[in-house]
Amino acid sequence: MYKDILNKIEEYDVIVIHRHIQPDLDAIGSQLGLRGIIQNNYPDKSVYVVGDDSDINILGSMDEVSDDVFKNALSIVLDVAGSKRVSDARFEQASETMVIDHHKNGTDFADHFFSDSNQIATCQILTEMCIREDLTICSDTATYLYAGLVTDSGRFLYPMTNALTFECAAYLVKKGARVQEFYDGLYDEELNFKKLKGYFINNFKTTKQNVAYMKNTPDIKKRFNVSTFTVSRGMVNQMSGIHGIPVWANFTEDDDGLIYVEIRSKKTPVVEIAKKYGGGGHDLACGCTLSEWDDADKLLEDLDRLIERTQNNG
Ligand SMILES: [Mn+2]
């Protein structure tokens, strides 16, 4: 897989790197990390990073790219496989497209699809590629990749964290990843964000089977002056790590009425329920989008039934 990725990169002088909308640090880290990998190893190539800029983007900014750049370019899309969630749709104008991802979704557009759902982060895939293919990387590149590795593994806590995760972390630190500097940025929270966390901890509810949940209407984000994404993805894990709570779900209504759902689980795979409602993701961390609140209750009932069934099976 890694040789195939590099062979394709070698064919192109111009490469544009995309990732998903509403980026997390694995999306941004893998994007800036891959740009670094290409610049460090193929200095004659032109590499651009594109997509919406976001407040989560503490790592670096995106490039302004004109349409004609795409004509003879290879577009590489990271950390997402479905065309709808790719930021900057101009990959459609590229000569060829490639996806590198670690989610359990298939792709509906890529000419070349490299996906490994056993990998905890897209940054881990790219780091392993550097190790196995003996590539050169500078300390900036190492720092970007470290950022995605740390955050997508839940600070090395999630169950998919394994020997490879630590091998990659060790490699990146050896390559000069500025770990402390990154943590300083990561753990320096805004006051309204901290207060929103407190609001979540004090107000979540539970179902019969102890599924924790929050239903957030748009006034919450106004009250705490944050984005829908911050309430949704940013807060779901305020309900994690609680004794007796096997699954937790966060429902957040956006201004257009759509309800973003984030579902997390300690052990029982829940991704099939996300898929039932048109979403997807990982076994223990997934999501979907609903158009009405009635479906939120149905989804909670589905989670309850799943937990009940699992408990009865031992
Ligand atoms: Mn990821």
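All values below were derived from every heavy atom in this structure, side-chain atoms included, with hydrogens, water molecules and symmetry-related copies excluded. When a ligand or atom number is given, it counts from 1 through the structure's own listing order. This one's a predicted model, so the numbers in the text were calculated from it and none came from an experiment.
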Is the distance between the ring centroids of Phe109 and Phe91 less than 6.0 Å?
yes

Applying side-chain contact (heavy atoms from CB on, under 4.5 Å) between Asn216 and each of Thr228, Ile259, Asp254, Val231, report the one that passes.
Val231

Quick check: are there more than 12 heavy atoms from other residues, nucleotides or ligands sitting under 6.0 Å from NZ of Lys215?
yes

Is the distance from the Mn ion (ligand 1) to some N, O or S atom of His103 under 2.8 Å?
no

Can you check the angle at the Mn ion (ligand 1) formed by OD1 of Asp79 and OD2 of Asp152? Round it to the nearest 10°.
170°

Using modelled atom types and a 3.5 Å cut-off, is there a donor and acceptor pairing between side-chain atoms of Glu253 and backbone atoms of Leu258?
no

What atom name does the N, O or S atom of Asp26 nearest to the Mn ion (ligand 1) carry?
OD2

